[in-house]
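Working notes, structure below.
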Amino acid sequence: MIFLKSDDEIELLRESNQIVAKTLAEVAKLIKPGVTTAQLDKIAEEFIRDNGGVPGFLGYHGYPNTLCTSVNEQVVHGIPSDKVILQDGDIVSVDCGVFKNDFHGDSAYTFCVGEVKPEIVALLKATKESLYKGIENAIEGKRLGDLGNAIQTYCEERGYSVVREMIGHGVGRKLHEAPEVPNYGKKGNGIMLKSGMTIAIEPMINMGSRNLVFEKDGWTTRTIDRKPSAHFEHSVVVRKGKADILSTFEYIEQVLGNKAI
Ligand code: MF3
Ligand code: CO
């Protein structure tokens, strides 16, 4: 069952997503070599609660934290820890959810820690760009296969691979709603998108093989070949002609300044 949202509901979703965006900007201020992912999690939780929200991931199927922090070969769902100390040259995907006024916000950004190798920066740029290629297809009358195909084509043309096990999703009163939103697919396949559908699009793109394994903690996924993986996510509303992006990277990019990728 896909829930179409009213304009009032969309504004509540926007508010939750704007808090997510500002939380990620607070995290961006802290990211540097020597910082632990537990420290990032702590400031994110405080910021969300100060803004009248609740961490959207905390307790979800038993998930223990506010953020997912996935470093280098970790793909998604990395658990923040005081034992994970960010190092110069690392990349870290920070995924954040906020629940407020009965609606979930969900967005993610992959950050560079210090100086990162150019080929890894290129992976981040391509993954972020592929998210916007997906968003260009989040319009009424297109099909989910068109959206997934746009992401897949963009990434595979550049020699990267698209993760299959984890996908985007509808978002609203629940963090994960119908429909499933794969980052791969065939043009013309899948359900037709309608104005008012709200979806989280989240390409997870690997430098090497697309295959993953689960770490022993039961959450963290990493690439089987231990090559880096990138992840960017926006929550959007399907509209006629142009999607409305509910989250934003604007605040993050203000913090990063000329270091933004
Ligand atoms: N953006 C991620 C997802 O949609 C966040 C979920 S983390 C979880 O899968 F811990 F809440 F599962
Ligand atoms: Co998501």
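Counting starts at 1 for both ligands and their atoms, following the listed order.
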- Query: Counting heavy atoms only, which of H77, H61, H176 is nearest atom 4 (O) of ligand 1?
  - Reply: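 Checking each option, the heavy atom nearest atom 4 (O) of ligand 1 is found in H176.
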
May I ask you to say whether [X] pairs ionically with [Y], meaning some side-chain N is under 4.0 Å from a carboxylate O?
X    : Y    : result
R158 : E129 : no
D106 : K174 : no
E140 : K240 : yes
E45  : R49  : yes

- Does any N, O or S atom in H169 come within less than 2.8 Å of the Co ion (ligand 2)?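 Of the N, O and S atoms in H169, at least one lies under 2.8 Å from the Co ion (ligand 2), which means yes.
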
Could you check [atom] against the protein and tell me its nearest heavy-atom contact, residue, atom and distance included?
atom                    : answer
atom 10 (F) of ligand 1 : Y63 CG, 3.1 Å
atom 7 (S) of ligand 1  : C68 SG, 3.5 Å
atom 2 (C) of ligand 1  : D95 OD2, 3.0 Å

- Heavy-atom contacts with L175 under 4.0 Å: which atoms of ligand 1 show up? List them by number with element. 11 (F)

- Would K133 and E157 count as a salt bridge (Lys or Arg N to Asp or Glu O under 4.0 Å) if you check the C-alpha gap in whole Å, the side-chain angles of each, and the deciding distance to 0.1 Å? CA-CA 13 Å; K133 298 290 173 198; E157 274 174 354; over 6 Å; no

- V171 near ligand 1 by a heavy-atom separation under 4.0 Å: no

- What part of E233 sits under 4.0 Å from ligand 1 if we count only heavy atoms: the side chain, the backbone, both or neither?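 Side chain only.
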
- Task: With heavy atoms under 4.0 Å as the rule, classify the contact between D106 and ligand 1 as side chain, backbone, both or neither.
- Result: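 Answer for D106: side chain.
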
- Minimum-distance atom from the Co ion (ligand 2) among N, O or S atoms of E202: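 This turns out to be OE2.
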
- Compare every heavy atom of I167 with every heavy atom of H169, then report the nearest pair and how far apart it is.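 The pair with the smallest heavy-atom distance is CD2-O, 4.1 Å.
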
- Message: So which atom in P64 and which in W219 form the shortest heavy-atom distance, rounded to 0.1 Å?
- Response: CD-NE1, 4.1 Å

- Can you find an N or O of W219 that's nearer than 3.5 Å to an N or O of ligand 1?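 There is no such contact.
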
- Looking only at distances, please establish whether an N/O atom of ligand 1 is found under 3.5 Å from an N/O atom of Y60. no

- Sub-4.5 Å side-chain heavy-atom contact between I2 and I191: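 Yes, side chains in contact.
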
- Query: What angle sits at the Co ion (ligand 2) between OD2 of D106 and OE2 of E233, to 10°?
  - Reply: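 Result: 80°, to 10°.
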
- Task: Dump the intermediate steps for side-chain contact (heavy atoms from CB on, under 4.5 Å) on L40 and L86, then the final yes or no.
- Result: CA-CA 11 Å; L40 305 181; L86 296 177; 4.1 Å; yes

